[in-house]
Number of protein chains: 2
Amino acid sequence: MGKRPTTTLHFDARAKEMLDDLKRAGLKLTAQREAIVRQFASDVSHPTAQELYDRLRQEFPQMSFATVYNTLDALAAAGLSGTLRLGQAARFDPNTEPHHHAVCESCGEIGDVPAPSLAPSPAAVKQLGRAAPGFRVRAVERIYRGLCAACADNDNDAAPHGDIS
Amino acid sequence: MGKRPTTTLHFDARAKEMLDDLKRAGLKLTAQREAIVRQFASDVSHPTAQELYDRLRQEFPQMSFATVYNTLDALAAAGLSGTLRLGQAARFDPNTEPHHHAVCESCGEIGDVPAPSLAPSPAAVKQLGRAAPGFRVRAVERIYRGLCAACADNDNDAAPHGDIS
DNA sequence: CTTGCAATTTAGAATGATTCTACTTACGTT
DNA sequence: AACGTAAGTAGAATCATTCTAAATTGCAAG
């Protein structure tokens, strides 16, 4: 009943990195943090704290909600997690590569869209300069809103050649 | 003690438009809605529901919080208000022209950045196509993160020529 | 102009997200 | 092994939002 080869057999490398980085940042290595980081490190679904907690609770029934928040805060402070605000609940993102997000307006699915950089383009800086003179841009975040492939297909099925009434 | 010439003397034209649009959408014209719309229509500060409520309560102590939400929902449904998610609380935006937002990471100020359109650029579509094939983009929302002019100035004052230690 | 009803408002309860508190536990150093 | 302190725990507190049931009212019809 020790390590169980359930989901990620090979002990996710990214999780190890994160734990090392936390340690390097002067934080203590605890069983809870290890569990949270393992659960989070390769999660592509942009989970909420609640979602992570629910999954974790199955393995560690004694884990506190506050610990999940504290650990996610620590990860964010260490630059190991990003935060997404789309609804009331914050969503966490272990992807530290520069990227944007695509949100399906039908099913809510959130996808990562890799970007070479979040630095503002010259054109963007120009436009900003007109609207907010003196504003010093650090990064530009984008949200692509639309329909994911699956939902777009459903739409087509429902109305293959325009509206049928 | 009827109409008081306090803030907006001339009975904001945008407010009238909004009320007309609500009526046109089949909604009833109530005193509360008029009050809320007047308060909201030309508000450039991206207020939260709480902030609007607090201001409205001074004039209309009997107004319910739920009414503020209901009215903002109605405005949003009618396309007369946008919603911004930057923190836990939703922020409402009466500006219906296509625009992005610039957020100061120091003081939290939010500015509008007019844009010709929210339609995705060909380059963006291409990038998206690689990351999420089949995704049908409708609009691209941008958040410029950085320092507003005032906060950038303060930074300069604090460390005029690099760090002094 | 009155009547009636459905839409709206209201106060407060309920729900969900997040933070805080006071106390206990245990990591990592000596 | 002992200690100091960071971290964990349960649960209360707080903020944002939605819901509910009852009272009110805009406005369409007569």
Side-chain angles (χ1 to χ4, degrees), chain A residues 18-40 46-78 80-93 108, chain B residues 18-40 46-78 81 83-93 108:
Chain A
M18 278 191 172
L19 290 168
D20 286 351
D21 283 346
L22 281 184
K23 193 165 203 172
R24 216 166 290 133
L27 300 184
K28 289 181 181 172
L29 233 302
T30 68
Q32 291 89 334
R33 282 179 177 169
E34 190 179 314
I36 294 168
V37 166
R38 276 213 232 175
Q39 182 68 229
F40 178 57
H46 307 89
T48 62
Q50 180 75 62
E51 285 165 359
L52 281 172
Y53 177 59
D54 287 346
R55 277 185 254 154
L56 286 160
R57 194 160 40 167
Q58 296 173 29
E59 266 196 277
F60 306 88
Q62 81 292 3
M63 179 162 339
S64 164
F65 210 102
T67 298
V68 176
Y69 271 103
N70 288 340
T71 300
L72 289 169
D73 282 355
L75 287 168
L80 300 170
S81 164
T83 304
L84 255 183
R85 288 279 182 178
L86 297 168
Q88 188 177 194
R91 292 187 167 278
F92 298 90
D93 188 344
Chain B
M18 279 191 172
L19 290 168
D20 285 352
D21 282 345
L22 280 185
K23 193 164 203 172
R24 217 165 290 133
L27 300 184
K28 289 181 180 173
L29 233 301
T30 68
Q32 291 90 333
R33 282 178 176 168
E34 190 180 314
I36 294 168
V37 166
R38 275 214 232 176
Q39 182 68 230
F40 178 57
H46 307 89
T48 63
Q50 181 74 62
E51 285 164 359
L52 281 172
Y53 176 59
D54 287 346
R55 276 184 254 154
L56 286 159
R57 193 160 41 167
Q58 295 173 30
E59 266 196 276
F60 307 87
Q62 82 290 4
M63 180 162 336
S64 163
F65 209 97
T67 299
V68 176
Y69 270 103
N70 288 341
T71 299
L72 288 169
D73 282 354
L75 287 167
S81 164
T83 304
L84 254 183
R85 288 276 182 184
L86 296 169
Q88 187 177 193
R91 293 187 167 276
F92 298 89
D93 189 344

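Treat the numbers as computed from the prediction; the structure is a model and nothing was measured. The sequence lines fix the lettering, A, B, ..., with proteins before strands; numbering per chain opens at 1.
Separating the OH atom of A/Y53 from the P atom of C/dA17 is a distance of 13 Å, rounded to the nearest angstrom. Atom CD in A/E51 sits about 11 Å away from atom P in C/dT18, given to the nearest Å. Straight-line distance from the CZ atom of B/R57 to the P atom of C/dA11: 11 Å, rounded to whole Å. Here the P atom of nucleotide C/dA11 and the CE atom of B/M63 are 10 Å apart, to the nearest Å.
Listed pair A/R33 / C/dC27 fails the phosphate criterion, with no side-chain N or O lying under 4.0 Å from OP1 or OP2. For A/Q62, no side-chain nitrogen or oxygen approaches OP1 or OP2 of D/dA10 to under 4.0 Å.
Between A/R55 and A/P47, some side-chain heavy-atom pair lies under the 4.5 Å cut-off. Between A/T71 and A/Q32 there is no side-chain heavy-atom pair separated by less than 4.5 Å. Residues A/L72 and A/L52 are in side-chain contact: their nearest non-hydrogen atoms beyond the backbone lie under 4.5 Å apart. For the pair B/L86 and B/H46, the minimum side-chain heavy-atom distance is 4.5 Å or more.
Residues meeting the side chain to side chain donor-acceptor pair (under 3.5 Å) test with A/Q50, sequence neighbours left out: A/D54. B/D20 meets the side chain to side chain donor-acceptor pair (under 3.5 Å) test with no other residue; sequence neighbours excluded.
In the helix from C/dC1-D/dG30 to C/dT30-D/dA1, the end axes, each obtained as the rotation axis mapping the C1' atoms of four pairs onto the next four within a five-pair block, lie 30° apart to the nearest 10 degrees.
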Classify every nucleotide of nucleotides 19-30 of chain D by which part a protein heavy atom approaches to under 4.0 Å, writing B for the base, S for the sugar-phosphate alone and - for neither, in 5'-to-3' order. B------BS---
Quiz: residues 61-70 of chain B side-chain donor-acceptor pairs under 3.5 angstrom, not counting sequence neighbours:
| unit_1 | atom_1 | unit_2 | atom_2 | d |
| --- | --- | --- | --- | --- |
| B/S64 | OG | B/A66 | N | 3.1 |
| B/N70 | ND2 | B/A66 | O | 3.3 |

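Between the CZ atom in A/R33 and the NZ atom in A/K23 there is a gap of 12.0 Å [rounded to 0.5 Å]. Atom CD of B/E34 sits about 7.0 Å away from atom CG of B/L29, to the nearest 0.5 Å. For the atom pair CD1 (B/I36) and OH (B/Y53), the distance works out to 10.5 Å, reported to the nearest 0.5 Å.
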At a cut-off of 3.5 Å, list every protein nitrogen or oxygen paired with a nitrogen or oxygen from nucleotides 14-17 of chain D, distance to 0.1 Å.
| unit_1 | atom_1 | unit_2 | atom_2 | d |
| --- | --- | --- | --- | --- |
| D/dT17 | OP1 | B/A90 | N | 2.7 |
| D/dT17 | OP2 | B/Y69 | OH | 2.5 |
| D/dT17 | O5' | B/Y69 | OH | 3.0 |

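Between the side chain of B/E59 and the backbone N or O of B/L56 there is no donor-acceptor pair closer than 3.5 Å.
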